[in-house]
Amino acid sequence: MSVESLIQIIHKHNPEAETDFDFLKKCYSFAENAHRKQMRKSGDPYFMHCVRTAEILAQLRLDMDTICAGLMHDVLEDTGVTRSKLEEKFGANIAHLVEGVTKIGRYKFSGGKRKRQADTYRKLLLATAEDMRVILIKLADRLHNMETLEHLTIEQQLRIAKETLEIYAPIAHRLGIWSIMSRLEDMSLKYLLPDVYREIADLLKEKLEERQTYCNKMEAVIHAELKKHGIIANVRGRTKHIYSIYQKMHLKGTPFKDICDLVGLRVIVEDDWHCYNALGVLHLRWGYLPDRLRDWIGQPKKNGYQSLHTTILDGGNPIEIQIRSKAMHQVAENGIAAHWSYKEGVPTTKKALSIFANYKEMLEEIQETQDVPGQFIESMKLELFQDEVYVFTPKGDIHALPAGSTAIDFAYKIHTDIGNTCCGAEVNNVLKPIREPLQNGDRVHILTNPKSSPSRSWIRFVKTANARSKIRHWFRDKDKADAIELGKTFLKAELQVSYLNANDFMKSPKLLDIAKQLRFENVEELYIQIGNGNASATQVVNQLKPEKGKIAEEEELPKRSESAIQLENGIDLGMVRAMKCCNPIPGDDIVGYLTRGRGVSVHRSGCVRLLDEPERFIDVNMCAEDGVTYPAQIYVECDDKPGMLGEITTAIARFHVNIRSGNFKSSDKTSIDDTANDHFTLEVTGVEQLKEVMDTIKGLNGVDRVVRKI
């Protein structure tokens, strides 16, 4: 495409564009020379890709700087051009845009650890939030790359198609750029699931002529009906893209024959008022499905989309119709790009600023999950893909949430404290379960109680990254406080056993010295690590008192003599005892500790009661014996619901494992969606059997976690 052809496209899509195209010609010539000797895998000159990228941006009616940056978007990465040279010739704005696209191009999403992948997603999101034009150029660049993907290897096709479907298509959707989103989705499906793509394409072709004839007939009938009522409208058929059909067929289980919007019409009128007039005319003339009526004009989507949706019945045939104004149609196709300021290159209208603000809000919420890499990735995909539901506070304030959101999501959307103290919810003046998905138009009143607190089970059903992050944060703070108190309790107990004054020693400056020796920043961190079982209270007390080592020997309380425990090379050093403090069983990673005059005590490796005295450790083995069982303690956190305990004990009994003892405790009754804490002492033959039992319990519906206790 020549520069003159590109100018014609700009004029066609944006008659208000600048009339002086000398700057564009200068950029065109510069990029063409920079890429002169480069070829694409297809054998075409590389510069063709740059021109196609600029053409897509022109079709979006973007400003001249963005189009010019599209022409030169690869010069920093693929040629010898430097940023300083680019800025010198074309200004800081162009250089900034090209550099931003170059940075995004360096982010690779396939393979690697989840932490690295999460960091990559995060960098991309931050780059898009800094200057929205950067991601618009990248979307145009990606669209043309997908259009020419057949020239790459199968491995490259799959990697790029997956990345496109998971990252770039959802971003296009979030920004409301349907014209790019639908093409990216269809082309991604073509390479990721070629058989499915061909199946749907063939189904669409089967009765294409018949559907087209019917569609043309309905266009004429509807146009005449509207004209009869004084409404001038452009009525046209619309094509449902293949990926959206795939979602209904394969993700929602809808048979192809039952997808009622295969035949769809779009009615475009002059303004908002005529949209509602047209809707009334259609409903007077034809029957319609009330549950499929949607008003996205009164309640625009977060990405700026506005339209009326209705499904009329023509002789039993459902026809989905979208009614919108010309301005709404421009937004529906080009999203945030439809509101661009062509001189400053930034969104300035209220609608564009709203889209931009919602996008940034989403990024901020996702950012809060950055300490959980896997959760960050899932939250990003969820927030980008989800459609919205619109719900109201009792005062009538409206809030948009991802489809499927619950009262808990709504509570955290309003305020963190409301979410943390939520004890119930009234939806449309009726008390409803907090995990029930909210519907469009629901009026939600959150009930709170200062004594209520979040439940771990909430994480399983909330939909927003914001709610999930706030719940996790609450439990991190709570777990920290609990660990500090537990650590203090353990240390006090050890001091009392050694006949030491707990009050004096816990205020001693020496405690800080010991914490730093153990590589902890302060005494609070020492308490946390003791409470979490990562540091030994015995070890700390042994360093506080003169006679190091005495406490460990006193705590070696024999359970029974175990003939199954064998010392290295068969050496007999006297009595060998498995210790109650950690209850080692066959299959555990164990170590022997040579005591002073009391034989060998056997512990699980990492037992907090072991002193740091490697010279007294010896290798031991513990073998399972026929007919012999060993005690193992487990902790189960689960929903406090009828029958839950029975399901757990039945699962245990399935392995012919005896429950020696059990302790079952429900959570505070002021909390909603309560959890129960169950402690069991089981008699097992070894680690292998214990693992089978724990895995089975974990698989039960309603069980949050199962851990083995020390």
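Quick note: numbers below take in every heavy atom, side chains included, and nothing from hydrogens, waters or symmetry partners.
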Review point. Can you check side chain to side chain contact (heavy atoms under 4.5 Å, CB included) on Leu447 and His445, steps first, answer last?
Key: CA-CA 6 Å; Leu447 307 176; His445 173 53; 3.5 Å; yes

Practice item. Please test Val707 against Ile634 for side chain to side chain contact (heavy atoms under 4.5 Å, CB included), starting from the C-alpha separation and ending with a verdict. Key: CA-CA 6 Å; Val707 294; Ile634 65 171; over 6 Å; no

**Study point:** Candidate pair Asp479 and Arg472, rule salt bridge (Lys or Arg N to Asp or Glu O under 4.0 Å), full reasoning
**Key:** CA-CA 10 Å; Asp479 291 346; Arg472 290 183 185 277; over 6 Å; no

Check your understanding: Is there a side chain to side chain contact (heavy atoms under 4.5 Å, CB included) between Ile446 and Ile408 once you walk through the steps?
Key -> CA-CA 9 Å; Ile446 300 297; Ile408 295 297; over 6 Å; no

**Study point:** CA sep, side-chain torsions, deciding dist, call: Asp678, Ile648, side chain to side chain contact (heavy atoms under 4.5 Å, CB included)
**Key:** CA-CA 10 Å; Asp678 300 340; Ile648 296 173; 3.7 Å; yes

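Interatomic distance, Met579 CE to His603 NE2, rounded to the nearest 0.5 Å: 5.0 Å. Taking OG from Ser455 and CG from Asp639, the interatomic distance works out to 7.0 Å, rounded to the nearest 0.5 Å. The line from CG of Leu438 to NZ of Lys432 is 10.5 Å long, rounded to the nearest 0.5 Å. Summarising the geometry, atom OH belonging to Tyr527 is positioned 3.5 Å from atom CE belonging to Met506; distances are rounded to the nearest 0.5 Å. From Leu526, atom CG reaches atom CG of Leu491 across 7.0 Å, with rounding to the nearest 0.5 Å. Distance OG1/Thr448 to NE2/His415: 12.0 Å, rounded to 0.5 Å.
Nearest heavy-atom pair across Thr464 and Leu401 is CG2-CD2, 4.3 Å. Val657 approaches Glu683 most closely through the heavy-atom pair CG1-O, 3.5 Å. Across Leu165 and Pro170, no two heavy atoms sit closer than the pair O-CD, 3.2 Å. Minimum heavy-atom separation, Ile434 to Gly424: CG2-CA, 4.0 Å. When all heavy atoms are compared, the tightest approach of Ala403 to Lys463 is O-CG, 4.3 Å. Heavy-atom minimum distance, Ser452 versus Cys423: OG-CB, 3.3 Å.
Counting only heavy atoms from C-beta outward, the side chains of Asp272 and Met328 approach each other to under 4.5 Å. Side-chain contact between Asn420 and Ser453: absent, with no pair of heavy atoms (C-beta onward) separated by less than 4.5 Å. A heavy-atom distance below 4.5 Å is not found between the side chains of Phe520 and Ile528. Taking 4.5 Å as the limit, every side-chain heavy atom of Gln633 sits out of range of all side-chain heavy atoms of Arg708. Using a 4.5 Å heavy-atom cutoff, the side chains of Met644 and Cys638 are in contact. Two residues are said to be in side-chain contact when any heavy atoms from C-beta on lie closer than 4.5 Å; Tyr630 and Asn583 fail this criterion. Side-chain contact check for Asn658 versus Leu682: every heavy-atom pair is 4.5 Å or farther apart. The closest side-chain heavy-atom distance from Val684 to Thr629 is not below 4.5 Å.
Using a 3.5 Å distance cut-off with no hydrogens or angles, the side chains of Thr681 and Ser661 do pair a donor with an acceptor. Tyr635 and Glu637 share a side-chain donor-acceptor pair at under 3.5 Å.
Note on ring orientation: taking the six-membered ring where Trp is involved, the planes of Tyr412 and Trp458 are perpendicular (angle over 60°, cut-offs 30° and 60°).
Here the side chain of Asp588 pairs no donor or acceptor atom with the backbone of Ile590 at under 3.5 angstrom. A distance-only check finds a donor-acceptor pair linking the side chain of Thr649 to the backbone of Gly646 [under 3.5 Å]. No side-chain donor-acceptor contact under 3.5 Å links Asp442 to the backbone of Val444.
Counting heavy atoms of neighbouring residues, nucleotides and ligands inside a 6.0 Å radius, atom CG of Asn429 does not exceed 12 of them. By the 6.0 Å contact criterion, CD on Glu692 is enclosed, its count of non-hydrogen atoms from other residues, nucleotides or ligands being greater than 12. Atom CD of Glu521 has 12 or fewer neighbouring heavy atoms from other residues, nucleotides or ligands inside a 6.0 Å radius. Within 6.0 Å of CG in Asp477 there are more than 12 heavy atoms belonging to other residues, nucleotides or ligands. Environment of NE2 in His309: crowded, with over 12 heavy atoms of neighbouring residues, nucleotides or ligands closer than 6.0 Å.
Using a cut-off of 4.0 Å between Lys/Arg side-chain N and Asp/Glu carboxylate O, Lys413 and Asp409 are scored as not salt-bridged. Classification of Lys470 and Asp417 as a salt-bridged pair fails, no side-chain N sitting under 4.0 Å from a carboxylate O. Residues Glu426 and Arg443 are not paired through a salt bridge, judged by the lack of any N-O separation under 4.0 Å between the basic side chain and the carboxylate.
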